[in-house]
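To keep things clear, I will list the structure first and then write my remarks on it.
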Amino acid sequence: MSNNMEPIYNHKNVEKPLYELWEKKGAFAPKKGGKKPFTIILPPPNANGRLHIGHAMYVLEDIMIRFHRMRGDPTLWLPGADHAGILTQVVYERKLEKKGKSRHDLGREEFFKQTYAFTQENKKQMYEQLRAMGFSLDWTREKFTLDPEISKAVYKTFKTLYEDGLIYRGTRMINWCPRCATVLSDLEVNHKDKESNLWFLKYPIKNSTDQIIVATQRPETMLGDTAVAVNPKDKRYKNLVRKTVVLPLMKREIPIIEDSYVDPSFGSGAVKITPAHDPNDYEIGERHKLPSIQVIGLDDKMTKEAGDYSGLDKYASRKQIIARLEELNLLEKTERYKTSVGICERCGTVVEPQVSKQWFVAVNKTGKSGKNLAKDAIAAVRSKKIKITPTRFEKIYFNWMENIHDWCISRQLWWGHQIPVWYRGDEVYVGSEHPPGEAWKQDPDTLDTWFSSGQWPYTTLGWGQTDDSDFKRFYPTTVMETGYDILFFWVARMIMLGIYATGKIPFETVYLHGLVRDEKGQKMSKSKDNVIDPLEVAEKYGADAVRMALVFGTGAGNDANVGEHKIKGMRNFSNKLWNIGRYVIDTKPEKVKENPRQTKEDQWILRELDEVVNSVTRGIESYHFGIAAEVLYNFIWHDFADKYIEDSKNRREEAQPILEHVLLTSLKLLHPYMPFITEDLWQKMKEAKMIEEKEDLIVAVWPTK
RNA sequence: GGGCACUUAGCUCAGUGGUAGAGCACUGCGUUCACAUCGCAGGGGUCGUAGGUUCAAAUCCUACAGUGCCCACCA
């Protein structure tokens, strides 16, 4: 009996040195060889803060990566980080705000410089956190979305799409965030229910005592009305159609028109039309060639077109307009009304529909090349070239793709890829570098952050570079593992852009995981004080315990509830395994019987082990990570430790070879889940000359039945 | 308005056709012997409700109820 091992497992002695050992030996790099590689590109975390517990779900990727590495596949897991356009700009602006500054005090160049430094600092810390979790990422291939070669590739795609007629600049109705002072795509607008009013306004008919009543949620937009619309089938208004309304407060004469969009059963059946500030009204305006009058400015203050209300905040003007109409006896009635307002996903400000000139991707148009972004992306999933698991998300994907609208990709931000377009008078130049000649001015806007991250699977691999050997070898990648909350934002765009730019699918399988919630199933948030910092708990209970807690007993694609209790339970499991190791290694008997006859118990545990090898292998292959984890947990604790080891105590000298065999195989099976403790015990078994394999566990051979 | 998911032991959740499971919590017993971050024994569920398919349903189908989420340009 050697008695070297402490009675309690201490992860602090183990984790860091082992990670360094793996990294030093180059274990994370894909090995050479002709076998089909297994590749995952890490969904790049946003370089504007610390990692949260959601990022710890990367463990699912590490499980697959470590599994395939042990099976001998050339295995690549490529790390990187995202500059995260609007979000990072908002975060950094808030920091400046605390110092009483705005980005305008710094100027564009300095703001970019400081924000860049900020992201690089965050990136460094995040990478340390990923290492602490044991993630076996190939750091030699690390990428950042603003790296020069990545940017070049992003611009190349922009140019190709532009020349293909699938990127255009146009004046459209868009979502405007007054706080961020930028346009947002439809996806970046969230909808929130709000108790509000429906105001019924009386609009006088010209040369008549008649009035027409219109209902609105936003009285302030009336200043920009250019028509009143009724349904052509609505008999109530037949005699008023084509008459003229004198718009109250503005005295502007506007027509009463017919449009089948109007629902006679809602409100009064007559709709005020404000083409400049409502998407539906905008379309009606286009159909009827109505003028569009912008009465709300980009700063959310009323414009000079708003007459007496010019310069007022839009909400203040609403109050005044209501009061004034009441004085004039032009307010028919007010009803309580539940409405939904669009708010900026990043800062929570109510967005304002505005008409603006922006860059768009025509997602459901066929280009000169014959390619069609949405159609081709639908076909790839329909034909099962790309599989989405769980499959219920395929339906959601199809539904979204089939109803997709053009994608606004310009942003009035300073942080991000500046749009690769230059203007000189009427001339437009599109390219990745400054055009030859003088007096060109680059478009001041930047690209939607998802336009660059949407190209991540191939830009990270050196697509279009002089050295594109990684692209040739690892693309298409094997699995894209990410949260279902970014299916549209990211996964859909990667499929569209990937197929478009490279002619190949970006990945074969999409695996979507759920959100991490607290132990009661509530969303984690600072205000509820239920946030779990993955690094804090990893420090306390060990990274292995945190990893196991995240997968244990969770179903594919479902939200996972994780609390400290569960992590503690998995820490106890680490300790159980440690003590199994102590028993087998540290208390090994002096004499061991070679080739003893097998008892019933021996046969039983070996049979169980075979089954576990099978179900863990099948479980990981079929993305049932939670089930495989439970199988291992139960086998190791309740079969191996509680039953077999207890039984072995009476016949230790005979049982030792089987004890070693079962432990060794268990370590292999558990390694993808709990890499540190398994590797540590493996090394100890090696020292004790219980293992013939020369390699470290991270590259040991996966067991077969 | 459309869609998706969930409803299983006190709590949090796995389990998708073949005798009801895990973790935590609970009850009783157990201190030398790998581990009290432990062991042994035990209590506890008509698997949301109502129908249907099947030799067999928590598991498939239909309806209903409750909860959560996503999408959507009805003023």
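Keep in mind that this is a model prediction, so the values were computed, not measured. Heavy-atom basis, side chains included; hydrogens, waters and symmetry copies ignored. Just so it is clear: chains get the letters A, B, ... in the order the sequence lines come, proteins before strands, and each one is counted from 1.
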Map A:Asn190 and A:Phe266 onto RNA chain B by nearest heavy atom, then report which one ends up closer to the 5' terminus.
A:Asn190
If you pin A:Met570 and A:Asp278 to their nearest nucleotides in RNA chain B, which one's is more 5'?
A:Met570
[atom1] of [X] versus [atom2] of [N]: gap in Å, rounded?
{"X": "A:Leu515", "N": "B:rC69", "atom1": "CG", "atom2": "P", "result": "11 Å"}
{"X": "A:Glu394", "N": "B:rG3", "atom1": "CD", "atom2": "C1'", "result": "16 Å"}
{"X": "A:Lys338", "N": "B:rG1", "atom1": "NZ", "atom2": "C1'", "result": "14 Å"}
{"X": "A:Ile396", "N": "B:rC4", "atom1": "CD1", "atom2": "C1'", "result": "5 Å"}
{"X": "A:Phe200", "N": "B:rA75", "atom1": "CZ", "atom2": "P", "result": "12 Å"}
{"X": "A:Met548", "N": "B:rG23", "atom1": "CE", "atom2": "P", "result": "12 Å"}
{"X": "A:Ile486", "N": "B:rC69", "atom1": "CD1", "atom2": "C1'", "result": "17 Å"}

Tell me whether A:Glu394 is salt-bridged to A:Arg382, with the criterion being a basic N under 4.0 Å from an acidic carboxylate O.
no
Aromatic ring pairing A:Tyr337/A:Phe266, orientation class (parallel under 30°, perpendicular over 60°, tilted between):
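Geometry flag for A:Phe266 against A:Tyr337: perpendicular rings.
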Under the side-chain contact (heavy atoms from CB on, under 4.5 Å) test, which residues partner A:Lys395, sequence neighbours left out?
none
Can you sort out the partners of A:Asp225 under side-chain contact (heavy atoms from CB on, under 4.5 Å), two or more places apart, ordered by chain and number?
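side-chain contact (heavy atoms from CB on, under 4.5 Å) check on A:Asp225 returns A:Tyr203, A:Met222, A:Leu247, A:Ile254, A:Lys272, A:Thr274.
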Can you check the distance between [N] and [M], where both ends of the measurement are the [atom1] atom (answer in whole Å)?
{"N": "B:rC55", "M": "B:rC60", "atom1": "C1'", "result": "16 Å"}
{"N": "B:rA25", "M": "B:rU31", "atom1": "C1'", "result": "24 Å"}
{"N": "B:rA14", "M": "B:rA9", "atom1": "C1'", "result": "13 Å"}
{"N": "B:rC69", "M": "B:rU54", "atom1": "P", "result": "40 Å"}
{"N": "B:rU19", "M": "B:rA72", "atom1": "C1'", "result": "48 Å"}

Just checking A:Tyr511 against A:Phe625, ring centres under 6.0 Å apart?
yes
Is the base of B:rA34 touched by the side chain of A:Glu6 through a donor-acceptor pair closer than 3.5 angstrom?
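Answer no: no donor N or O sits under 3.5 Å from an acceptor.
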Measure distances between side-chain N and O atoms of A:Lys588 and base N and O atoms of B:rA34, and say whether any donor-acceptor pair falls under 3.5 Å.
no
Counting only side-chain N and O atoms of A:Tyr337, is one of them less than 4.0 Å from OP1 or OP2 of B:rA75?
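Looking at the OP1 and OP2 atoms of B:rA75, one of them is under 4.0 Å from a side-chain N or O of A:Tyr337.
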Report yes if a side-chain nitrogen or oxygen of A:Lys395 is closer than 4.0 Å to either non-bridging phosphate oxygen (OP1 or OP2) of B:rC70; otherwise report no.
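Looking at the OP1 and OP2 atoms of B:rC70, neither is under 4.0 Å from any side-chain N or O of A:Lys395.
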So what does [X] hit on the nucleic acid, given a heavy-atom distance under 4.0 Å: a base, only sugar-phosphate, or nothing?
{"X": "A:Asp642", "value": "sugar-phosphate"}
{"X": "A:Gly342", "value": "nothing"}
{"X": "A:Glu283", "value": "nothing"}
{"X": "A:Ala641", "value": "base"}

Is it the case that the side chain of A:Lys566 and the backbone of A:Phe552 share a donor-acceptor pair, with hydrogens and angles ignored and the cut-off at 3.5 Å?
yes
Mind checking salt bridge (charged side-chain N to carboxylate O under 4.0 Å, His left out) for A:Asp647 and listing every partner two or more places apart, or none if nothing turns up?
A:Arg651
Residues in salt bridge (charged side-chain N to carboxylate O under 4.0 Å, His left out) contact with A:Lys649, at least two apart in sequence or another chain
A:Glu646
In dot-bracket form, 5' to 3', how is RNA chain B paired? Count Watson-Crick and G-U wobble pairs only if both distances fall under 3.5 Å, and write | where the partner sits on another strand.
((((((((.[[[[.)..(..]]]].(((((.......))))).....[[[[[..)....]]]]])))))))....
Of A:Trp407, A:Trp450, A:Trp400, which meets ring-ring contact (aromatic ring centres under 6.0 Å, His included) against A:Phe489?
A:Trp450
Expected string for nucleotides 6-18 of chain B under the B/S/- scheme (protein heavy atoms, under 4.0 Å, primed atoms plus P, OP1, OP2 as sugar-phosphate) is ------SSSS---
